[in-house]
Amino acid sequence: MAMNIKKGDTVVVLSGKDKGKQGKVQGTIPGEAKVVVEGVNMVTCHTKPRRQGEEGGIVRREAALYASKVQLICPKCGKATRVGSKRVKKTVSGKEKMMGIRVCKKCGAEEI
């Protein structure tokens with residue numbers, strides 16, 4: 001399954017306990033089609049000290065959630081949008097190449 005969300009994108013959660021929350025994508029897991037979003041899907045982990053001097057205890061951190069539960073926010077129009085793709089010619093190190101770029105389906109902004 002192709003994921004249209006990358007690390008650093010701003011997304012909004014569409015369903016679940018954190019519905020409506022916005023956050024920045026901290027990482028992606030393409031093999032499982034999951035993303036980790038900053039401040040969303042917080043879980044408590046009981047950690048054990050691994051090294052001498054390190055503290056253990058209860059730690060709150062973000063857990064991964066399915067990419068289908070989040071939608072990209074367009075940086076130009078500021079709305080949650082589906083992602084389209086478009087092929088354009090770009091010059092990379094002196095050579096022209098056909099490359100695919102992401103396009104906002106609402107306002108048509110390129111390279112979102």
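Throughout, numbering of the chain's residues begins at 1 and tracks the sequence. None of these values were measured; they are calculated from a predicted model.
- The SG atom of Cys45 sits 4.0 Å away from the CZ atom of Arg61 when rounded to the nearest 0.5 Å.
- One distance of note links CG of Leu72 with OG1 of Thr81; it measures 7.5 Å at 0.5 Å rounding.
- Met42 and Tyr66 are members of different hydrophobic clusters when ILVMFWY side chains are connected at heavy-atom separations under 4.5 Å.
- With sequence neighbours excluded, the residues that form a side-chain contact (heavy atoms from CB on, under 4.5 Å) with Glu96 are Lys89, Thr91.
- Using a 4.5 Å heavy-atom threshold, the side chains of Val37 and Leu65 count as touching.
- Between the NZ atom in Lys106 and the SG atom in Cys77 there is a gap of 7.0 Å [rounded to 0.5 Å].
- The line from CD1 of Ile5 to OG of Ser68 is 9.0 Å long, rounded to the nearest 0.5 Å.
- Within the model, atoms CG of Asp9 and CD of Gln26 stand 13.0 Å from one another, a figure rounded to the nearest 0.5 Å.
- Residue pairs that meet the salt bridge (Lys or Arg N to Asp or Glu O under 4.0 Å) test with at least one member in residues 13-28, sequence neighbours left out, are Asp18-Lys21.
- Val35 and Ile73 are assigned to two separate hydrophobic clusters, defined by single-linkage of ILVMFWY side chains at heavy-atom distances under 4.5 Å.
- The line from SG of Cys107 to NZ of Lys105 is 12.5 Å long, rounded to the nearest 0.5 Å.
- Considering only heavy atoms from C-beta on, Leu14 stays 4.5 Å or farther from Lys69 through its side chain.
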